[in-house]
Amino acid sequence: MYDLGREEIAMATPRKEGQAVETASSPAAMSRMKRGLDIALSAFLLVFFLPTFALVAIAIFVESGGPILFRQRRTGLDGVEFRILKFRTMTVLEDGAKVSQASRTDQRVTRVGSVLRRLSIDELPQFWNVLMGDMSLVGPRPHALAHDQHFGRIVRNYPMRFRVRPGITGLAQVKGLRGEIRSDNQIVERIREDNNYIEEWSFLLDLWILIKTLFVTPFHSNAY
């Protein structure tokens with residue numbers, strides 16, 4: 001098991017899109033079988049959910065107009081920056097030095113956005129990120145760059161989670177460690193599970209996480 005302490009560390013200088021940091025990619029990152037599953041399943045699901053995408057896009061536009069998709073910079077494999085895709089669920093499009101976490105009574109969340117977030121439908125566009133190779137179906141959930149900077153000063157070895165592609169779902173998430181982070185303890189536990197996943201990775205573990213996600217994701221108490 002991968003052990004994380006509470007010792008503070010200094011995060012690396014913020015990276016530009018496409019610029020990597022020196023981390024050793026893990027077997028999970030180099031697995032052709034894992035990447036093959038990512039490509040096949042994400043391509044299938046993008047087609048399967050096309051009617052859902054259309055309905056969600058109409059609902060967002062009718063309620064509040066503006067952009068349908070939300071794009072935000074995140075840190076990917078080996079520290080390379082990419083832009084994650086989500087359905088827009090808020091009245092703001094934060095992607096700067098300060099990004100506020102969504103809270104249970106967050107006034108920025110739209111009515112349509114509240115439903116999308118409760119059902120995790122807002123995450124569906126990330127299948128495109130998976131298909132393009134920015135993400136994987138399973139891996140550590142990526143945080144906003146501002147949060148990477150903040151959490152990197154709290155958790156020792158935080159950058160070690162960048163040894164794999166970030167995931168739409170992950171070990172931490174199926175264990176209930178998702179949603180708003182309100183204490184140092186919560187982020188320490190989440191990063192511990194992220195790194196445990198990397199150290200213990202197997203193709204069967206990915207399959208188990210994907211199956212478990214189907215049962216624990218809808219209406220999760222921390223999804224808001």
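Values below: every heavy atom of this structure, side chains too, minus hydrogens, waters and symmetry copies.
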Please indicate whether Phe61 has more than 12 foreign heavy atoms, meaning atoms of other residues, nucleotides or ligands, lying under 6.0 Å from its CZ. no

If you count every heavy atom of other residues, nucleotides or ligands that lies below 6.0 Å from Met30 atom CE, does the total exceed 12?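 Yes.
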
Taking the side chain as everything from C-beta on, heavy atoms only, tell me whether [X] gets closer than 4.5 Å to [Y].
X: Phe53; Y: Leu46; value: yes
X: Arg190; Y: Ile181; value: yes
X: Arg178; Y: Ser120; value: yes
X: Ser64; Y: Thr91; value: no
X: Trp201; Y: Asp206; value: yes
X: Leu207; Y: Val138; value: no
X: Leu85; Y: Arg71; value: yes
X: Glu81; Y: Leu145; value: yes

Is there a path of hydrophobic side-chain contacts, each under 4.5 Å between heavy atoms of I, L, V, M, F, W or Y residues, that connects Phe44 with Leu50? yes

Ion pair check, Arg165 and Asp134, cut-off under 4.0 Å: no

Is it the case that Arg161 places NZ or CZ above or below the six-membered ring of Tyr158, under 6.0 angstrom from the centre and within 45 degrees of the axis?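 Ring-cation test returns yes.
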
Check: [X]/[Y] side-chain N/O donor and acceptor closer than 3.5 Å:
X: Asp148; Y: Thr75; answer: yes
X: Gln186; Y: Glu189; answer: no
X: Arg108; Y: Thr89; answer: no
X: Asn129; Y: Arg74; answer: no

Parallel, tilted or perpendicular: which fits the ring planes of His143 and Phe151, with parallel below 30° and perpendicular above 60°? perpendicular

Is the backbone of [Y] close enough, under 3.5 Å, to the side chain of [X] for a donor and an acceptor to pair up by distance?
X: Ser114; Y: Thr110; result: no
X: Ser31; Y: Pro27; result: no
X: Gln126; Y: Ile168; result: no

Please report the C-alpha distance between Arg141 and Glu123 in whole Å, then the side-chain angles of each, then the deciding distance to 0.1 Å, and finally whether the salt bridge (Lys or Arg N to Asp or Glu O under 4.0 Å) criterion is met. CA-CA 11 Å; Arg141 281 295 298 166; Glu123 311 284 359; 3.2 Å; yes

Show your working on salt bridge (Lys or Arg N to Asp or Glu O under 4.0 Å) between Arg163 and Glu199 and close with a plain yes or no. CA-CA 10 Å; Arg163 291 175 291 166; Glu199 295 295 318; 2.7 Å; yes

